[in-house]
There are 2 protein chains.
Amino acid sequence: MDFTLSLDPNAPIPLHQQLYNELRRSILTGRLLPQQRIPSSRSLAKSLGISRTTVTQSYDRLLSEGYLETIHGSGTYVCSQLPDELLHSAPIQPADRQTQPPIHLSQYGNYLARTSIQLQKEPNQPISFRYGSPAFDCFPLKLWRRLLSRHSRTTQWMDYATDMQGYHPLRAAIAQYLSRVRAVQCTPEQVIITNGTQQALDLMMRILIEPGETIALEDPGYLSARRIFLSHGARLLPIPVDEAGLVVETLTKPVAEPIRLVYVTPSHQFPTGATLSLPRRLELLAWAMQHHAMILEDDYDSEFRYGDRPIPALQGLSQAQSVIYMGTFSKVLFPSLRIGYLVLPPDLVPIAVQAKWLSDRHLPILEQIVLTEFIVEGHLESHIRKMRSFYDQNRQVLVQALQSHFGEQITILGEKAGLHLMVRLQTNLSDEELVQRATQVGVGVMLARPHYLVPADRHELIFGYSELNPTQIQTGIAQLAQAIGSPP
Amino acid sequence: MDFTLSLDPNAPIPLHQQLYNELRRSILTGRLLPQQRIPSSRSLAKSLGISRTTVTQSYDRLLSEGYLETIHGSGTYVCSQLPDELLHSAPIQPADRQTQPPIHLSQYGNYLARTSIQLQKEPNQPISFRYGSPAFDCFPLKLWRRLLSRHSRTTQWMDYATDMQGYHPLRAAIAQYLSRVRAVQCTPEQVIITNGTQQALDLMMRILIEPGETIALEDPGYLSARRIFLSHGARLLPIPVDEAGLVVETLTKPVAEPIRLVYVTPSHQFPTGATLSLPRRLELLAWAMQHHAMILEDDYDSEFRYGDRPIPALQGLSQAQSVIYMGTFSKVLFPSLRIGYLVLPPDLVPIAVQAKWLSDRHLPILEQIVLTEFIVEGHLESHIRKMRSFYDQNRQVLVQALQSHFGEQITILGEKAGLHLMVRLQTNLSDEELVQRATQVGVGVMLARPHYLVPADRHELIFGYSELNPTQIQTGIAQLAQAIGSPP
C-alpha cells in the first residue's frame, strides 16, 4: 500500500492516538477506501519505525469501533459499511496542515461534516444475491450503440438545452408510456427529466421541506431516501409496513407536528416487496387531501409484476394535487444512464423546473435523444416484456429453492414484483453470523437491517435475482441452507 | 396554435382579467414558451367566442408589463427574456382547478415561486454574435463517436458508480492536466466531477452559505452564478471591475457583515474579459486568508489565451485552504456533455462528496470513460491548440473590423482571451434601439446589461466569435456599423 502517515514523536499526543486519528480520518475522508486491505500491524510498525504494540493498540480501537474488520486468514480491511452510529459521530477533525480556523459551513454543510455516507456493502462472492441492478447481459446493447451512433452524427445535440424541463420529445414519450402502463394522469408539461430518482428526491426536499418539518416514511424503507431526508434536517416519522404495504391507519393517528410529506413505494414496497392495497391507497389519498400533505410516490420497479394485474398508481387515483410521482430507467434499462423523471402537480411545475435548472441546468442531451427513440420505436416495452419473463423464471427458481431447502423455517415476502424478494428466517444466529456463514460457503447475501430506522437483528435477508442464472440460484440456496439452515 | 384557455363567462372576474390571468400563468409556467407566437387578437377572439376588445385589453396589459412583445409586421410573441422586475413579482397564482389550499413550500421553494428564470435571449439572425458555446463544426466528432463506440462494447460501464467522487481515472487526468496547464496544485483526491459549473456552484452554495450571508461578486458578472446565489438567499455585495479585473481594493474596505465568499472569474472576467493582475491576485488571497473568506475561482474559458502567457490560477498561488477552483468542458469540448469539476481544499472534500452523492449520485459513466481517454490520449490538448488558432483568427478579424468600422466610437475590452469580447460604444441610441437596429439588418447582438446587478443603458455589447467564419464577421460588423455606427 502506497500510504504515507505523518506521525510526530515529539507531539504531546501519544503515538497510538496519533495513528488512530490519522487512520480514522483517512477512512472517513475516503483516502482509505471501503474493502481496502490495510498493512499488517507488523509491516506498518516496521515501515513507520514504531513498535508493533502501538500499531496493534490503534488497530484494536478501530476494529472495536467498526472502522476496520478482520477477515480470517486474509487480513485487515476497511469496513465496507460503517456502523450507523458513525453517522452521528463527531465532525471530522480538520487536518493540522494549516493553522487556519475551520472553513465556515452552512447548516447543511455542517450536517454532512458530521456524517459519513458510505456506499452500501455489495457482496462479492462466487454467487451473490445482489439487488438493485438489472441483468446487464440481457440489455440490447447493440441496438443502443446503433442509436447512439445514429444520433451523434450531426452536431445538433451538442449545445446547451433550450428546454429547461428536459428534452420535450422524451417528456412526451414518458407521459404517454406512464398513462398507458401505470394509469398516471399527466401531460408532457408535468414531466421533468432528472438525474435518477436520487435527484428527484433531493429537488423535492429542497422545494418542499424546511429543516425540522416532518416526513412520514415506510419502516423498513429505502435507505437512500432516508439519507436525503435526514440531510435536509427533516424529522422522520416511521410508519410500519405489513403485507398490504404502509399501515395507513398508523399514519392517520393524530401527531403533534403536521406531516408535510409521506414517502411511499406502493408498487413494490422497498425492501419488503408488499403491494399497497387499493383500499389503503384510497385511504392514504383521502388523508393527504384532508391534511394538505404531499405524497411522494416512488415507483422504482413497477414494470416487473408477475401474475396479478398492477394497481393504478396513486397519482392516477388522486383527485387533487397531492401526489408527486417518480420513476427511473435505472431498473428497466441501466443505472449509469442516470435518467429518471418526476410527474408533478401543475402548481409545482414552474418551481421544480427552476430548481432543476439552477441545480445543474440539464442532463446530457444525446442520451435523452437515444432514450426517446428507444421508447418511441417500441424497444422499451419489448425489452420490459423480455426481462419480465427472464426475471420471472429466476424468481420461480429462487422461491422453489428457498421453499425446498428451508421449508417452514422461512417466510417469503414480496415475491410478486420487482427484482428482489425478502426472506424472514427463524434462526438463533445473529445477522452478522448469517452473513459470515454465507460468505464462508461463497454465497453473498444482504441484510434488510440497514433499511430499518433502528438497526437490530431481524434475521431478514434480501435476495436479488436479476444477475444470476437458475443454476447459480439453485446452487447458492443449497449452499446457504447447508451453512445456516439448521432449524432454531 | 393548439392552445385551450378556460374562461368562465359566469365568474365574478371580468373576462379580460380572466384572459390576462390565464395567459400570464401560461407564460410563467412555460406553457407558452419564450419567442412563441401567439394568435392575433382577431383570431383568438373568434376561437374563444368573445369580443375582440376583451382580447386587446388583455394583450395590451401583457405588452405593457413585458410579458409579450410585438414585432412589427410579424405579430405578437412571448418575450424571450422577461423583465428583471418579474423576478420579484407576486407568486404565481395556483390554478383554480382545485379548491385545495396552495402547496406548502420551503423557503427555497417560495423564492422560486416568486421568480421566473428564463433562458437568456439568444439572437437568431443571419449573422449572430452568440457567445457561450464553442464551434461545434470543429469538434472531432468522428473520433468522439469512435471512443463512444469502443467503450460501450462491454457492459462494465452500465452499473451504478462505485466511486462517489467521480470516475477515478478522469479525476486523475484532470488533476494532471490542471497542474500542467493552469498551475493548479491538487491530487485526484481533491477533484469532484460535477454536472457542469452550474452544479459545482450550487453544491458550494449548499455546503457553505446560509440564507442572509454575504457573497461578494464581480459587477458586471456572470448572470447564472448570481441567480444561484440569490436562490440560496445570499446577500450580494457587488464589487466593480476594471481593466485589471476585480477591484480588490473595494472588496477590502470594512463592511458590516462578514463576507463568506468571493466569486471571481480571474482568467477572463465575465463579461468584460479582463484578466485579474498578479498583484491583485496576491492581494485577494491575503485578504481571504485574513478574513477567513473562501474564494470561488471560476476558470470557465482559460484555455483560450492569445499572445501573452497565462497567470497561474489563484488556487495554485494560495498557501491556504481558501480557494475552490471550478472548471468545465463546456467551452473546450461541448456543453451538452455536462461535465465540469471542482478542485477543493482537502477539508471540504468529504463534505462536498456527500453533497454531490446525495444530490444525484453521479454522472453517466460512459461519457466519463470516453472523456478520460480523450484527455489521456492527448486529444484534448491538441483540440485546444487547434481551436486556439481558429478562434484567434476570428478574433483578429473581429477586432480589425470593429476598429476600421467604428474607430474612436468604441472601446474594445477583453480581447486577449476566451470566446468573446466586449465593446463599449459611444452612442445616443438606447440599448434597446441598438439591438433593434442590428436586428433590422440581420445581425444578432447581445447586451452586457443583464450581467449587471442594476440594469441600465450602458451601450455595451458582447460579441461572441466562436460560431462564425471571418467573412460572416466582416459582413456582420459592416452591416452593424451602417445600422448603428453614426457618431453621437
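We name chains A, B, ... by the order of the sequence lines, and we start the count at 1 in each one.
- Ranking L261(A), L363(A), V353(A), D137(A) against chain B, the residue ahead of the rest is L363(A), based on heavy-atom pairs under 4.5 Å.
- Heavy-atom pairs under 4.5 Å with chain A were tallied for Q199(B), H362(B), E213(B), E367(B); the largest tally goes to H362(B).
- Using a 4.5 Å cut-off between heavy atoms, T154(A) contacts chain B through its backbone alone, with no side-chain atom that close.
- With hydrogens and angles disregarded, a donor-acceptor distance shorter than 3.5 Å links the side chain of S336(B) to the backbone of W157(A).
- Note that CD of Q118(B) and CH2 of W357(A) are 11.0 Å apart. Values are rounded to the nearest 0.5 Å.
- Here D360(A) does not pair with K356(B) in a salt bridge; the nearest charged N to carboxylate O distance is not below 4.0 Å.
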Legend entry - Pair S224(A)-R361(B), side chain to side chain contact (heavy atoms under 4.5 Å, CB included): steps then yes or no: CA-CA 10 Å; S224(A) 293; R361(B) 292 206 177 194; 3.1 Å; yes
Table please: side-chain donor-acceptor pairs of residues 205-212 of chain B below 3.5 Å, with sequence neighbours left out.
residue	atom	partner	partner atom	Å
R206(B)	NH1	D202(A)	OD2	2.7
R206(B)	NH2	D202(A)	OD1	3.0
R206(B)	NH2	D202(A)	OD2	3.3
R206(B)	NH2	H232(A)	NE2	3.4
E210(B)	OE2	Q107(A)	N	2.7

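- Note: D159(A) leads I228(A), D159(A), I103(A), L105(A) in heavy-atom pairs under 4.5 Å with chain B.
- For a residue to count as touching a neighbouring chain, one of its non-hydrogen atoms must lie under 4.5 Å from one of that chain's; by this rule R145(B) touches chain A with the side chain only.
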Inset, instruction - Check the pair S133(B) / Y160(A) against side chain to side chain contact (heavy atoms under 4.5 Å, CB included), numbers first and verdict last. - result: CA-CA 8 Å; S133(B) 295; Y160(A) 288 105; 3.9 Å; yes
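- Looking at Q368(A), neither its backbone nor its side chain comes within 4.5 Å of chain B, counting heavy atoms on both sides.
- When heavy atoms are compared at a cutoff of 4.5 Å, P345(A) approaches chain B solely by way of its side chain, counted from C-beta outward.
- Every residue meeting the ring-ring contact (aromatic ring centres under 6.0 Å, His included) condition with W144(B), not counting sequence neighbours, appears here in chain and number order: F139(B), F334(B), F374(B).
- Here the OG1-CD distance, from T162(A) to E122(B), works out to 9.5 Å after rounding to the nearest 0.5 Å.
- Using a 4.5 Å cut-off between heavy atoms, A355(A) touches chain B through backbone and side chain atoms alike.
- Note that CG of L337(B) is 10.0 Å distant from CG of L366(A), once rounded to the nearest 0.5 Å.
- Options L348(B), T155(B), L203(B), L358(B) differ in how many heavy-atom pairs under 4.5 Å they form with chain A, and the most are formed by L358(B).
- Neither the backbone nor the side chain of R146(A) comes within contact range of chain B; no heavy atoms are under 4.5 Å apart.
- Using a 4.5 Å cut-off between heavy atoms, R260(A) touches chain B through its side chain atoms alone.
- Of the two parts of L148(A), only the side chain, counted from C-beta on, holds a non-hydrogen atom closer than 4.5 Å to a non-hydrogen atom of chain B.
- With a threshold of 4.5 angstrom between heavy atoms, M294(A) approaches chain B through side-chain atoms but not through N, CA, C or O.
- Interface check for chain B: of the options Q198(A), M164(A), K142(A), the most heavy-atom pairs under 4.5 Å are formed by Q198(A).
- Ranked by heavy-atom pairs shorter than 4.5 Å toward chain B, the options S149(A), A161(A), G196(A) are led by S149(A).
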